[in-house]
Protein chains: 2
Amino acid sequence: MSIAIENFVKAIYKNGKHDHNDTKPGNIAKELGISNAAATDMAKKLAAKDLLHYEKYQELKLTEKGTKMALNVVRKHRLWEALLFKLFDLSLHDIHREAELLEHQTSDLLANKISEFLGNPKFDPHGDPIPNSAGEITTIDTSIPLSNGEEGKTYIISRLMSDDKEFLDFCVQNGLKYGNSVLVSKQFSKNKMTQILINHNTILLNEDFTSIIYVNEQD
Amino acid sequence: MSIAIENFVKAIYKNGKHDHNDTKPGNIAKELGISNAAATDMAKKLAAKDLLHYEKYQELKLTEKGTKMALNVVRKHRLWEALLFKLFDLSLHDIHREAELLEHQTSDLLANKISEFLGNPKFDPHGDPIPNSAGEITTIDTSIPLSNGEEGKTYIISRLMSDDKEFLDFCVQNGLKYGNSVLVSKQFSKNKMTQILINHNTILLNEDFTSIIYVNEQD
DNA sequence: AAAAATATTTAAGCTTACTTAAAAATATTT
DNA sequence: AAATATTTTTAAGTAAGCTTAAATATTTTT
């Protein structure tokens, strides 16, 4: 299957993971940077290939086959991120950009070799789970957005759910990375700001950031 | 530039390295598995982009710009081969196949990181020289095909100039690899067979093989 | 040097993955 | 519930990268 198809299916998978699905052609088009018309066309084409269910004006829904394809691409993406992160001194954003290309040119054999080399990791450097070779995600995600954290509690950062350069650079600069602890010192309900303590520094975050930083309660 | 263009330019570069150029559209077409007509079309298109010189019915010749592009792709290919060879237990043939895809999806930044990680190697696992980041091959190749070896002399294998699975499997099985010594015990001029001693084993090779195994005299 | 074989080029056509523009349906606002 | 705005769909068209078939040029053989 082509790169365009892999990316289309992947975009539906990603946009369908939220509570409120965003998988109408227009949203997928926006995600991929193509026109709405192109997305509708593609949706029809992929329905004919049994990769998704298409009904006029409705949300696009992946079939089992389509989900498998998406997870296979996601697996390769996250394995590349993990490998590049381990081997090279590159920013998370750069790593994401490289993985975005490499994911489509990677045989299942190579993906398995990368996985094995890394000790079959369950998470990538963003904290995102890596599907296994059968296309299953076996870990259970109990994390919550930092915006839902409670005052006075300490949390462990589990996922940084964005590939935005500005955001990731900010995270690196402030020690906001996978595995680190944060204490929620104050939640401002009015303007939805959150004050946290990390590495002995107090910083103030707005909801744009606290809604994509996911954390787990400390055991 | 597209993958098709990169592969086209690379094919001309490879076919132009022999003493007798094989860079007419038909030869490039054969190399790439496309029709002659497609190769002619592409040649005209690339001439307009100043990547090659095209004259009807003549050999295709890369411009400086085209050569640079070819060397850049070759560099990425060979760096990937070197990295995959180092990290994973994969056959040279498999490594070649993966590199053939990855080479087109690799930024210059990533290529440089791979090179640095490997200690800026000058050769890939086939013994082929790796162009530097400026697109130059700085090593001088003094090797000769094993078919030109002299009886009684010992040589060091420097290059295995093929990506054919059968050939590479045979080489692995018999210890014919980059850096190993071979003694030419007998040259049969009649049928162009060569008897060699390697790892205490005597084996007989025909010209198909001895013409693509390149060696250097021992210092 | 002529005939036969081979290679190159031209021409017409196909598929993929897009585009823009206009029509039709759905969502939102008032 | 009507009017307005937004989305989705349809339709027509484009560029890249191929294909096959036929015309033309070059090479090889005799």
Side-chain angles (χ1 to χ4, degrees), chain A residues 1-13 15-16 18-62 66 69-70 73 100-101 103-105, chain B residues 1-16 18-62 65-66 69-70 73 100-101 103-105:
Chain A
M1 296 283 177
S2 71
I3 294 174
I5 293 177
E6 288 189 349
N7 279 332
F8 199 87
V9 161
K10 193 178 84 171
I12 296 173
Y13 176 78
N15 281 20
H18 315 305
D19 358 332
H20 54 312
N21 272 17
D22 280 340
T23 61
K24 285 195 184 166
N27 287 100
I28 304 303
K30 202 177 288 168
E31 175 90 20
L32 297 173
I34 61 178
S35 68
N36 289 7
T40 300
D41 265 16
M42 187 61 116
K44 283 187 196 163
K45 218 175 72 180
L46 297 197
K49 284 184 198 287
D50 190 35
L51 289 168
L52 53 82
H53 298 296
Y54 172 71
E55 277 183 274
K56 274 189 183 187
Y57 305 105
Q58 302 305 308
E59 304 275 347
L60 304 177
K61 296 214 175 77
L62 291 177
M69 179 184 281
V73 177
E100 202 71 10
L101 299 176
E103 64 186 12
H104 305 293
Q105 306 293 346
Chain B
M1 296 281 177
S2 71
I3 294 175
I5 293 177
E6 288 190 350
N7 278 332
F8 199 87
V9 160
K10 193 178 84 170
I12 297 173
Y13 176 77
K14 278 191 163 183
N15 282 19
H18 315 305
D19 358 332
H20 54 309
N21 272 18
D22 280 339
T23 60
K24 286 195 182 166
N27 287 99
I28 304 303
K30 201 177 288 169
E31 175 91 19
L32 297 174
I34 61 177
S35 68
N36 288 7
T40 300
D41 265 16
M42 188 59 115
K44 282 186 196 164
K45 218 175 71 181
L46 298 197
K49 285 185 197 286
D50 191 34
L51 289 167
L52 53 82
H53 298 296
Y54 172 71
E55 278 182 274
K56 273 190 182 184
Y57 304 107
Q58 302 304 308
E59 303 275 346
L60 304 177
K61 295 211 176 79
L62 292 176
K65 189 174 160 197
M69 178 183 281
V73 177
E100 202 71 11
L101 300 176
E103 63 186 13
H104 305 293
Q105 307 294 347

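Reminder, nothing fancy here: chain letters follow the sequence lines and each chain counts from 1.
The base-pairing partner of dA16(D), taking Watson-Crick or G-U wobble contacts with both distances under 3.5 Å, is dT15(C). Nucleotide dA21(D) forms a pair with dT10(C), judged by Watson-Crick or G-U wobble geometry with both contacts under 3.5 Å. Nucleotide dT27(D) is matched to dA4(C) when pairs are restricted to Watson-Crick or G-U wobble geometry with both distances under 3.5 angstrom. Remark: dT30(C) base-pairs with dA1(D). Criterion, Watson-Crick or G-U wobble with two distances under 3.5 Å.
Considering only side-chain N and O atoms, Ser35(B) lies nowhere under 4.0 angstrom from the phosphate OP1 or OP2 of dT20(D). When the side-chain nitrogen and oxygen atoms of Lys24(B) are compared with OP1 and OP2 of dA25(D), none of them lie within a distance under 4.0 Å.
Between the Thr23(A) side chain and the Leu60(A) main chain, a donor and an acceptor come within less than 3.5 Å of each other. Using a distance-only test at 3.5 Å, with no hydrogens or angles considered, no donor-acceptor pair links the side chain of Asp22(A) to the main chain of Asn15(A). Side-chain atoms of Lys45(A) do not come within 3.5 Å of backbone N or O of Ile5(A) as any donor-acceptor pair.
dA16(D) atom P lies 15 Å from atom NZ of Lys44(B), rounded to whole Å. Taking atom CD on Glu59(B) and atom P on dT26(D), their separation rounds to 14 Å, with Å as the unit. Counting to the nearest Å, the P atom of dG17(D) and the CG atom of Leu32(B) are 12 Å from each other. Spacing between atom CD1 of Ile3(A) and atom P of dA17(C) amounts to 10 Å, rounded to whole angstrom units. In this structure, Ile28(A) places its CD1 atom 12 Å from P of dT9(D), rounding to the nearest Å. Here dA16(D) presents its P atom at 11 Å from CE of Met1(B), a figure rounded to the nearest Å. Rounded to an integer number of Å, the gap from NZ of Lys49(B) to P of dA15(D) is 12 Å. If you take CG of Asn7(A) and P of dT16(C), they are 17 Å apart, rounded to a whole angstrom.
Each of Ile5(A) and Gln58(A) has a nearest nucleotide on DNA chain C; the 5'-most of these lies closest to Ile5(A). Summary of the strand contacts: Tyr57(A) and Gly33(A) both lie near DNA chain C, and taking for each the nucleotide with the nearest heavy atom, the more 5' one is attributed to Gly33(A). Of the two residues contacting DNA chain D, namely Gly26(A) and Asp41(B), the nearest-nucleotide position lying further toward the 5' end is that of Gly26(A).
Which of dT7(D), dC18(C), dT27(D) sits closest to the side chain of Asn36(A) comes down to dT7(D). Nearest to the side-chain atoms of Met42(B) among the listed nucleotides dT8(D), dC18(D), dC18(C) stands dC18(D). Here dT9(C) is the nucleotide among dC18(D), dT9(D), dT9(C) with the atom lying nearest to any side-chain atom of Thr40(B). Residue Pro25(A) places its side chain closer to dT8(D) than to any other of dT8(D), dT10(C), dT8(C). The side chain of Lys56(A) lies closest to dT10(D) when the candidates are dT10(D), dG17(D), dT19(C).
When heavy atoms are screened at a 4.0 angstrom cut-off, Tyr54(A) is found touching the sugar-phosphate backbone but no base atom. Within the nucleic acid shown, Ala37(A) comes within 4.0 Å of at least one base atom, counting heavy atoms only. At the heavy-atom level, Ala4(B) lies under 4.0 Å from the strands shown only through sugar-phosphate atoms.
Taking 4.0 Å as the cut-off between side-chain N and carboxylate O, Lys10(B) and Glu31(B) do not count as a salt-bridged pair.
Of all heavy-atom pairs between Pro25(A) and Ala39(A), the closest is O-CB, 3.4 Å.
Looking only at side-chain heavy atoms (C-beta outward), Lys24(B) and Asn36(B) stay at 4.5 Å or farther from each other.
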